[in-house]
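Notes follow the structure.
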2 protein chains.
Amino acid sequence: MEQPPVIEMLPSQTLAKGLRILNAFSPTRTSWGIRELARELDMNPATVARLVTTLAGAGFLERDPETQRYALGPAVIKLANLYMHHNPLPHYARKVFESYSDRFDYNFYLGTLNGYQVVYLAVLDGRGRIKVMVEPGGSTGLHSTALGKILLAYQSDSFINAFINSRLFRAYTETTITDPETLWAQIHEIRRTGYAVNHGEHFHDIGAVAAPVFNRRQEVVAGVSLAYPRNLIPNLQVNVDNLIPLVREIADNISMYVQGDARSHQP
Amino acid sequence: MEQPPVIEMLPSQTLAKGLRILNAFSPTRTSWGIRELARELDMNPATVARLVTTLAGAGFLERDPETQRYALGPAVIKLANLYMHHNPLPHYARKVFESYSDRFDYNFYLGTLNGYQVVYLAVLDGRGRIKVMVEPGGSTGLHSTALGKILLAYQSDSFINAFINSRLFRAYTETTITDPETLWAQIHEIRRTGYAVNHGEHFHDIGAVAAPVFNRRQEVVAGVSLAYPRNLIPNLQVNVDNLIPLVREIADNISMYVQGDARSHQP
DNA sequence: TAAGGGTGTTTCAAAAAGTGAAACAGCGTT
DNA sequence: AACGCTGTTTCACTTTTTGAAACACCCTTA
């Protein structure tokens, strides 16, 4: 028995089921059959068939007539395009990132919370010894990246516990945190200090430092992280300490944009 | 009374309503209030409130706590990212486009059908006197662009009539086709010749030529268009005639990729 | 200050939609 | 030919969805 991802009690259960189907797609599962999906989501095949037909009819899924399997459809990219244009955050981030990128070798990331994952809204490589590891729209876990930890730490305790009990709380590398105690310890540290670090817990050779972006109501609406190649930095501690004020500064600059404006944005 | 966009009878009406809400967002309407949305979609405000709460709970919408209005949420860009990686069409198109782009001044577009619109999956500017006018995820009408006409022409007659009766069949410039007779005449011509043209019917100064991309079953799965600045071409007819074999060649090359492979694609 | 027009939200009985076990039909492989 | 898989249909049952009305709130206007 599987419990629905983030959500406690949503008013429209049928719609919620349809959205669960959309969220079942991932980099490792790009297409689904009806019964396969029904098994995964613990739903009746007849129900899944009806929902999937509706999703496909509206362009959110596409049916491969050969294999009878379903993949995501073109409707989603239209929505994403609208989201990226209307949402000022990525624009602000790019503007700020660009004013730093030619001075540092790090990669810059802006991400926000989506369910139990970070979803990246803007990325930029600095003078780039490492390539950007995640692109806009990509997502990573909340416990395995600096950005994820930042976003997680500022959520409610009940949210954090729900995440810990979810299937997404799992190991990506040997150093990924898998112990709730350790995670909670880091969360308290993050809440106290206002920044998060990551030592190869998602990608082996990449470390990162992250700081929160606040809106006018002092809610965390996004996070910023700087990523660096770990093997190029002999004395880690010293360098990471240098990064902390930098990532804070960048995050604060973005916060200022967010708080200054709030809705005055033209596509 | 408004009839749902593309669809005749979808099995899950509640889900369909939720998707209609998502599709209500457009470049000109990036945020909605509950009652506003209810009016637009001819639904009960209570119903809209329930659906919108569910959509927001799953990350497909975001509620602005200040204004109580809803905008698209981060879940959509994750899906779009997955779509772009799993769908081989954009990759094929870029590969083919790049082999032509340094030889011509035109812009290259790949688009597919989404409801009653073209949605663009890949764009590339050639040696570029004009900037790209639409980006991936952007959409235009089916009667006002060459690409749109191609995609429309290969649909069923009943689909075409439904489109003509929809609100999307409207003028963008003074030369946009608004007369059903004229549109039908062009559709028959396109079906006969296999290509479509556009003389500033969507953007005043831009003309284009388009050709269809076929899958293994000879269904049109996408279209390709080349756009050129109209004011730079004194004798239009001659130049357009030169473009036709070119756009056909490009479309056919992409068709070959599509037909060769069909599902062997690694993200 | 009060009225008016806008907003989102709640109620609850009536109505409609969703549900799912089982049976069916089709396609490969065993 | 039997098995195991697929997606699909049926139809009585159950549950969810529905919506008019009332409510509460925030503005702007009179």
Side-chain angles (χ1 to χ4, degrees), chain A residues 1-4 7-22 24-25 29-58 60-73 216-217 262-263, chain B residues 1-4 7-22 24-25 29-58 60-73 216-217 262-263:
Chain A
M1 190 75 182
E2 189 74 23
Q3 59 183 358
I7 308 118
E8 326 74 46
M9 196 71 263
L10 295 176
S12 183
Q13 302 178 34
T14 310
L15 175 55
K17 283 180 194 168
L19 300 179
R20 282 184 66 204
I21 290 177
L22 291 179
F25 291 84
R29 302 302 293 266
T30 59
S31 82
W32 291 93
I34 297 288
R35 275 190 135 95
E36 190 181 0
L37 203 46
R39 239 178 285 118
E40 172 75 15
L41 302 177
D42 195 31
M43 294 164 72
N44 189 289
T47 300
V48 171
R50 284 184 284 253
L51 295 172
V52 147
T53 302
T54 303
L55 287 164
F60 286 77
L61 293 181
E62 237 166 15
R63 179 201 175 104
D64 183 329
E66 311 274 339
T67 63
Q68 293 194 117
R69 294 173 67 81
Y70 290 85
L72 290 169
R216 216 187 299 210
R217 302 156 54 118
R263 75 217 77 183
Chain B
M1 190 73 183
E2 188 73 24
Q3 59 184 356
I7 308 118
E8 325 74 45
M9 198 70 262
L10 294 175
S12 182
Q13 302 179 34
T14 309
L15 175 55
K17 283 179 194 167
L19 301 179
R20 282 184 65 206
I21 289 177
L22 292 179
F25 290 84
R29 302 303 294 265
T30 59
S31 82
W32 291 93
I34 298 287
R35 276 190 134 95
E36 190 181 1
L37 202 46
R39 237 177 288 117
E40 172 75 15
L41 301 176
D42 195 30
M43 294 164 72
N44 187 288
T47 301
V48 172
R50 283 182 284 252
L51 296 172
V52 148
T53 302
T54 303
L55 288 164
F60 285 78
L61 293 181
E62 236 166 14
R63 179 202 175 104
D64 184 328
E66 310 274 340
T67 63
Q68 292 193 117
R69 295 173 67 80
Y70 290 85
L72 290 170
R216 215 187 300 208
R217 302 156 54 119
R263 74 217 77 182

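Below, read A as the first sequence line, B as the second, and so on, with proteins coming before strands; counting in each chain starts at 1.
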Check nucleotides 25-30 of chain C for protein N or O atoms closer than 3.5 Å to its own N or O atoms and list the pairs.
none

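- Following rounding to the nearest Å, Gln13(B) (CD) and dT18(D) (P) show an atom-to-atom distance of 9 Å.
- Across all non-hydrogen atoms, the minimal contact from Leu19(A) to Ala58(B) is CD1-CB, 3.7 Å.
- By the side-chain hydrogen bond (donor to acceptor under 3.5 Å, both in side chains) test, Gln68(B) is found to be paired with Arg63(B), residues two or more places apart in sequence or in another chain being considered.
- At whole-Å resolution of the value, NZ in Lys17(B) and C1' in dG19(D) are 10 Å apart.
- Remark: P of dG8(C) and CG of Asn44(B) are 13 Å apart, rounded to the nearest angstrom.
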Dot-bracket encoding per residue of DNA chain C, Watson-Crick/G-U cut-off under 3.5 Å, | denoting interstrand: ||||||.|||||||||||||||||.||||.

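- When rounded to the nearest whole Å, the span between CG of Leu10(A) and P of dT17(D) equals 10 Å.
- Between the CD1 atom of Ile21(B) and the P atom of dT17(D) there is a distance of 13 Å, given to the nearest Å.
- Here the closest heavy-atom approach between residue Leu41(A) and residue Ala24(A) is recorded as CD2-CB, 4.3 Å.
- In this structure Thr14(A) satisfies the side chain to side chain contact (heavy atoms under 4.5 Å, CB included) test together with Leu51(A), Ser12(B), Thr14(B), sequence neighbours excluded.
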Tabulate protein N/O versus nucleotide N/O from nucleotides 12-15 of chain C, keeping only pairs under 3.5 Å, one per line.
none

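- Computed from coordinates, the Leu61(B) CG to dG8(C) P distance equals 14 Å when rounded to whole Å.
- The nearest pair of heavy atoms linking Leu55(B) to Gly18(B) is CD1-O, 3.8 Å.
- Between Phe60(A) and Leu22(B), the closest side-chain pair of non-hydrogen atoms falls below 4.5 Å.
- For Glu36(B), the side chain to side chain contact (heavy atoms under 4.5 Å, CB included) partners at least two apart in sequence or on another chain are Arg29(B), Trp32(B), Arg39(B), Arg69(B).
- Partners of Ala49(A) according to the side chain to side chain contact (heavy atoms under 4.5 Å, CB included) rule, which considers only residues two or more places apart in sequence or in another chain, are Ile34(A).
- Minimum interatomic distance between Leu10(B) and Gln13(B) (heavy atoms only, all atoms of both residues): O-CG, 4.0 Å.
- Nucleotide dG18(C) holds its P atom 12 Å from the CE atom of Met43(A), rounded to whole Å.
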Protein and nucleotides 2-8 of chain D: nitrogen or oxygen contacts under 3.5 angstrom:
| unit_1 | atom_1 | unit_2 | atom_2 | d |
| --- | --- | --- | --- | --- |
| dT6(D) | OP1 | Arg39(A) | NH2 | 2.6 |
| dG7(D) | OP1 | Ile34(A) | N | 2.5 |
| dG7(D) | OP2 | Arg35(A) | N | 2.8 |
| dG7(D) | N7 | Arg35(A) | NH1 | 2.4 |
| dG7(D) | O6 | Arg35(A) | NH1 | 3.1 |
| dT8(D) | OP1 | Arg63(A) | NH1 | 3.2 |

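- Between Thr53(B) and Leu61(B), every side-chain heavy-atom pair lies at or beyond the 4.5 Å cut-off.
- In this structure, CD of Glu40(B) is placed 18 Å from C1' of dT7(C), rounded to the nearest angstrom.
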